[in-house]
Amino acid sequence: MGTKKKSPKSPRQSKPDMPTQLLNMVHQVWLAGLGAAARAQHGAPKMFEELIAEGAKVHSDTKEAAEKALRGALSGVQETLNSRMDKVRGEASDAFENLEKIFRTRVHSALTQLGVPSAGEVESLSKRVDALNANIDRLARTRTMTRRKRAARKNGS
């Protein structure tokens with residue numbers, strides 16, 4: 001008895017992948033458009049002109065709609081960016097003010113620990129020095145007048 005040879009199994013035909021299907025559809029639409037254009041050109045020139053006009057109208061309508069949608073999207077993005085920038089600027093300003101307060105507090109504390117007088121204390125001392133200088137000038141003038149009077153008495157006696 002003879003044995004039957006098993007025929008090799010035919011590989012399954014795989015489905016075309018998505019890009020291939022899309023390419024085929026686009027190609028079919030292109031061919032349909034070419035066919036319609038050829039018929040319109042040969043059969044009815046008026047119909048061809050109407051198709052051209054309709055195509056131009058659809059093109060301009062979709063172009064305007066796309067531009068409007070794009071402007072709307074861009075304006076929304078711009079508003080969002082501006083509001084976020086304002087928020088960040090405010091936060092940065094607050095952080096800078098807080099940092100400045102901390103710096104001033106620490107510098108004041110360090111100067112106090114070192115015994116450095118404050119601006120008010122320096123101003124008070126400056127006023128006292130000015131008053132003392134005025135008193136010294138007055139005393140100097142008084143002594144000079146007293147010496148002149150004594151010298152005049154000695155010369156006059």
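Quick caveat, the model's predicted, so the values are computed rather than measured. We number each residue from 1, following the sequence as shown.
- One finds a salt bridge joining D61 and K57 here, because a Lys/Arg side-chain nitrogen approaches an Asp/Glu carboxylate oxygen to under 4.0 Å.
- Without hydrogens or angle criteria, E121 side chain to S118 main chain gives a donor-acceptor distance under 3.5 Å.
- One N or O on the side chain of T62 and one on the backbone of V58 form a donor-acceptor pair closer than 3.5 Å.
- Here L74 sits in one hydrophobic cluster together with L70; the rule is ILVMFWY side chains under 4.5 Å apart, joined directly or through other members.
- Between H59 atom NE2 and E64 atom CD the span is 10.0 Å, to the nearest 0.5 Å.
- Under the side chain to side chain contact (heavy atoms under 4.5 Å, CB included) criterion, E100 pairs with F96, R104, sequence neighbours left out.
- L132 contributes atom CG, which lies 11.0 Å from atom CG of D137 (distance to the nearest 0.5 angstrom).
- A side-chain donor-acceptor contact under 3.5 Å links T112 to the backbone of H108.
- With sequence neighbours excluded, the residues satisfying side chain to side chain contact (heavy atoms under 4.5 Å, CB included) with L111 are V107, V116.
- Counting heavy-atom neighbours within 6.0 Å of Q78 CD, excluding the residue itself, gives a total of 12 or less.
- Taking the side chain as every heavy atom from C-beta outward, M25 and V29 never approach each other to under 4.5 Å.
- With sequence neighbours left out, the side chain to side chain donor-acceptor pair (under 3.5 Å) criterion links N135 to R138.
- Here S83 contributes atom OG and M85 contributes atom CE; the two are 10.5 Å apart, rounded to the nearest 0.5 Å.
- Contacts of R89 classified as side chain to side chain donor-acceptor pair (under 3.5 Å), with partners at least two apart in sequence or in another chain: D86.
- Look at K101 and E97 and you find no salt bridge, because none of the NZ, NE, NH1 or NH2 atoms lies under 4.0 Å from a carboxylate O.
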Could you list the donor-acceptor pairs under 3.5 angstrom formed between side-chain atoms of residues 143-150 and any protein atom two or more places apart in sequence or on another chain?
{"residue": "T144", "atom": "OG1", "partner": "A140", "partner atom": "O", "Å": "2.8"}
{"residue": "T146", "atom": "OG1", "partner": "T142", "partner atom": "O", "Å": "2.8"}

